[in-house]
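Nothing fancy with the numbering, it's 1 onward along the sequence.
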Amino acid sequence: MESTAPVNPPCVINCVHYDDQGKRHDISLDAISDVIESGNGFVWVGLYEPADSVLLKLQEEFCLHSLAIEDARNAHQRPKVEAYGNSLFVVVTTAQMVDERIAYGETHAFLGPRFLVTVRHGASLSYAAPRARVEREPELLRTMGPSYCLYAVLDFVVDNYLPITQRYRDTLELLEKDIFSDSYKRQTVVRLYELKRELNKMRMAVAPLQDMLAQIKRYQGELVPDEVKLYLRDVHDHAVRISDVIDTLREMLGTALSVNLSLVTLAQGETVKRLGAWAALLAAPTLITSWYGMNFTHMPELDQPWAYPAMIIGVGAICVGLYRLFKRVRWL
């Protein structure tokens with residue numbers, strides 16, 4: 001039943017048999033039938049972007065529904081859970097940071113009484129960590145079976161969103177200096193918009209994930225025992241918390257954009273006020289001197305020797321008065 005050196009296609013990351021004692025045995029795909037017929041333990045098969053031939057073989061081994069196999073082949077599914085006879089088909093959206101941006105993938109899981117098949121597509125971290133976690137708890141693995149492995153996978157997927165949200169929170173805090181800067185920086189607005197766009201995408205992935213987890217918790221069947229539902233409730237709480245954090249960050253980013261644009265508008269208004277004040281200071285002497293630039297014979301005080309100095313003093317007094325007025329109202 002157990003192969004010492006199982007040979008599987010490259011898309012098969014793991015093909016493991018856990019016996020009734022919770023011990024691990026690596027097997028080949030061809031040995032699955034023997035394990036299932038023996039009634040000893042269960043099988044967990046981990047795939048990454050599998051070939052059609054591998055999916056068809058697993059469909060035959062575990063009697064999987066053709067519609068579920070079609071979804072697992074094409075990916076591009078929203079998070080959901082569907083019941084097909086005596087098996088569940090679960091879809092979750094995965095996320096990880098790649099080159100300072102969030103890359104998304106999918107994991108499709110087939111849960112049966114004696115098996116769990118996980119199919120990864122796109123950006124998705126290896127499930128070596130949750131697999132090692134369940135193997136450290138053979139008693140839980142023995143009593144809860146493949147549903148406990150499914151819980152470990154879902155918990156790993158949901159918890160992987162936490163460092164991403166923390167990273168975005170730190171980025172927003174770093175941008176606050178530029179947001180409240182006196183000078184306008186176009187790159188700041190562009191970065192804020194990009195952050196909000198990425199958070200919107202993340203919310204579209206996490207929001208249906210809550211509904212999917214709630215459906216599994218309400219599932220009435222032997223595939224998901226009540227003991228596992230207690231663990232799934234914790235995963236659901238984590239998903240709700242992540243959704244709340246995303247909503248809070250989206251609101252903060254929206255407020256940051258509004259504040260930044262308001263500050264830019266205020267700065268432009270201050271500039272316009274200063275330009276208006278200087279224009280008024282220049283307009284007063286220009287208006288007065290333009291009168292004396294007209295070629296009329298009879299003009300007031302034109303023939304008086306003190307007229308020119310008086311005009312200079314008057315213009316200077318008007319300019320000083322306007323300057324002090326604009327200083328008082330903080331236009332200069």
Side-chain angles (χ1 to χ4, degrees), residues 48 68 71-72 74-83 88-111 116 118-127 129-130 133 147-173 175 191-219 224 228-257:
Y48 181 75
D71 288 344
N74 297 329
H76 303 296
Q77 306 292 319
R78 68 188 303 274
K80 62 180 180 179
V81 54
E82 296 177 340
L88 286 180
F89 177 60
V90 179
V91 179
V92 294
T93 302
T94 58
Q96 65 182 98
M97 295 298 297
V98 178
D99 296 331
E100 302 300 324
R101 291 187 178 276
I102 305 177
Y104 293 95
E106 294 180 20
T107 290
H108 302 179
F110 298 88
L111 176 65
L116 174 67
T118 53
V119 183
R120 295 188 292 124
H121 290 274
S124 177
L125 295 176
S126 170
Y127 292 143
R133 172 185 174 183
S147 60
Y148 183 67
C149 298
L150 177 62
Y151 148 74
V153 170
L154 294 176
D155 186 52
F156 178 77
V157 170
V158 171
D159 286 348
N160 196 47
Y161 282 95
L162 286 174
I164 298 177
T165 56
Q166 182 60 46
R167 188 165 184 172
Y168 273 70
R169 182 187 290 112
D170 296 340
T171 301
L172 180 57
E173 291 177 356
L175 286 174
R191 184 57 178 153
L192 288 173
Y193 173 78
E194 290 177 347
L195 288 176
K196 190 169 184 179
R197 181 184 60 189
E198 293 297 326
L199 285 173
N200 286 336
K201 292 181 180 179
M202 198 191 313
R203 188 178 185 278
M204 292 175 62
V206 174
L209 184 60
Q210 301 176 66
D211 298 334
M212 183 271 294
L213 290 169
Q215 291 182 48
I216 298 180
K217 288 195 305 177
R218 295 192 299 265
Y219 176 75
V224 184
V228 177
K229 291 179 180 179
L230 294 176
Y231 289 90
L232 290 173
R233 184 173 61 188
D234 181 65
V235 180
H236 183 265
D237 291 341
H238 289 181
V240 172
R241 185 179 67 177
I242 293 171
S243 181
D244 291 341
V245 171
I246 292 173
D247 289 339
T248 301
L249 289 176
R250 289 173 65 243
E251 293 177 1
M252 292 175 64
L253 283 170
T255 302
L257 280 169

Side-chain heavy atoms of Val81 within contact of Asp211, under 4.5 Å:
no
Partners meeting ring-ring contact (aromatic ring centres under 6.0 Å, His included) with Phe89 (sequence neighbours left out)
His108, Phe110
Quick one: side chain to side chain donor-acceptor pair (under 3.5 Å) partners of Ser124, sequence neighbours excluded?
none
Sequence neighbours excluded, the answer for side chain to side chain contact (heavy atoms under 4.5 Å, CB included) partners of Arg203 is Ile246, Asp247, Arg250
Is any side-chain heavy atom of Ile102 less than 4.5 Å from a side-chain heavy atom of Lys201?
no
Are any of the side-chain nitrogens in Lys80 or Glu82 under 4.0 Å away from the carboxylate oxygens of its partner?
yes
Heavy-atom distance under 4.5 Å between the side chains of Ile216 and Leu154, does that happen here?
yes
Considering residues at least two apart in sequence or located in another chain, which fulfil the side chain to side chain contact (heavy atoms under 4.5 Å, CB included) criterion with Asp244?
Val240
Whether the side chain of Tyr219 engages the backbone of Lys229 through a donor-acceptor N/O pair (distance < 3.5 Å, no angle test) should be reported.
no
Is the closest side-chain heavy-atom distance between Leu150 and Leu88 below 4.5 Å?
no
Before you tell me yes or no, could you show the steps for Val92 and Met212 under side chain to side chain contact (heavy atoms under 4.5 Å, CB included), namely the whole-Å CA-CA distance, both residues' side-chain angles and the distance that decides it to 0.1 Å?
CA-CA 8 Å; Val92 294; Met212 183 271 294; 3.0 Å; yes
Heavy atoms of Leu111 and Ser147 approach each other most closely as CD1-N, 3.8 Å
Residues at least two apart in sequence or cross-chain that pass side chain to side chain donor-acceptor pair (under 3.5 Å) with Glu251, listed by chain then number, are none
Rounded distance (nearest 0.5 Å) linking atom NZ of Lys196 with atom CE of Met252:
12.5 Å
Partner residues of Asp237 under the side chain to side chain contact (heavy atoms under 4.5 Å, CB included) criterion, sequence neighbours left out:
Arg233
Atom CE of residue position Met204 - does it have more than 12 heavy atoms of other residues, nucleotides or ligands inside 6.0 Å?
no
For Tyr148, what residues pass the side chain to side chain donor-acceptor pair (under 3.5 Å) criterion, not counting sequence neighbours?
Glu137
Quick one: list whatever passes ring-ring contact (aromatic ring centres under 6.0 Å, His included) with Tyr127, sequence neighbours left out.
Phe156
Pairing residues for Tyr48 by the side chain to side chain contact (heavy atoms under 4.5 Å, CB included) criterion, not counting sequence neighbours:
Ile13, Arg120
Listed by chain and number, what are the side chain to side chain donor-acceptor pair (under 3.5 Å) partners of Thr94, not counting sequence neighbours?
none
Any side-chain heavy-atom pair of Val235 and Tyr151 under 4.5 Å
yes
Please tabulate, one pair per line, all N/O donor-acceptor pairs under 3.5 Å involving side-chain atoms of residues 157-168, not counting sequence neighbours.
from, atom 1, to, atom 2, distance (Å)
Asp159, OD1, His238, ND1, 3.0
Asn160, ND2, Ala95, O, 2.5
Tyr161, OH, Thr93, O, 2.7
Thr165, OG1, Tyr161, O, 3.4
Thr165, OG1, Leu162, O, 2.7
Gln166, OE1, Arg169, NH1, 2.6
Gln166, NE2, Asp170, OD1, 3.0
Arg167, NH2, Glu100, OE1, 2.9
Arg167, NH2, Glu100, OE2, 2.8

Salt bridge (Lys or Arg N to Asp or Glu O under 4.0 Å) partners of Glu106, counting only residues at least two apart:
none
With heavy-atom distances below 4.5 Å as the criterion, would you say the side chains of Leu172 and Leu253 are in contact?
yes
Is any side-chain heavy atom of Thr107 closer than 4.5 Å to one of Val119?
no
Identify the two heavy atoms, one from Ala152 and one from Pro130, that lie closest to each other, and give their separation to 0.1 Å.
O-CB, 3.7 Å
With a 4.5 Å cut-off on side-chain heavy atoms, are Ser243 and Val206 touching?
yes
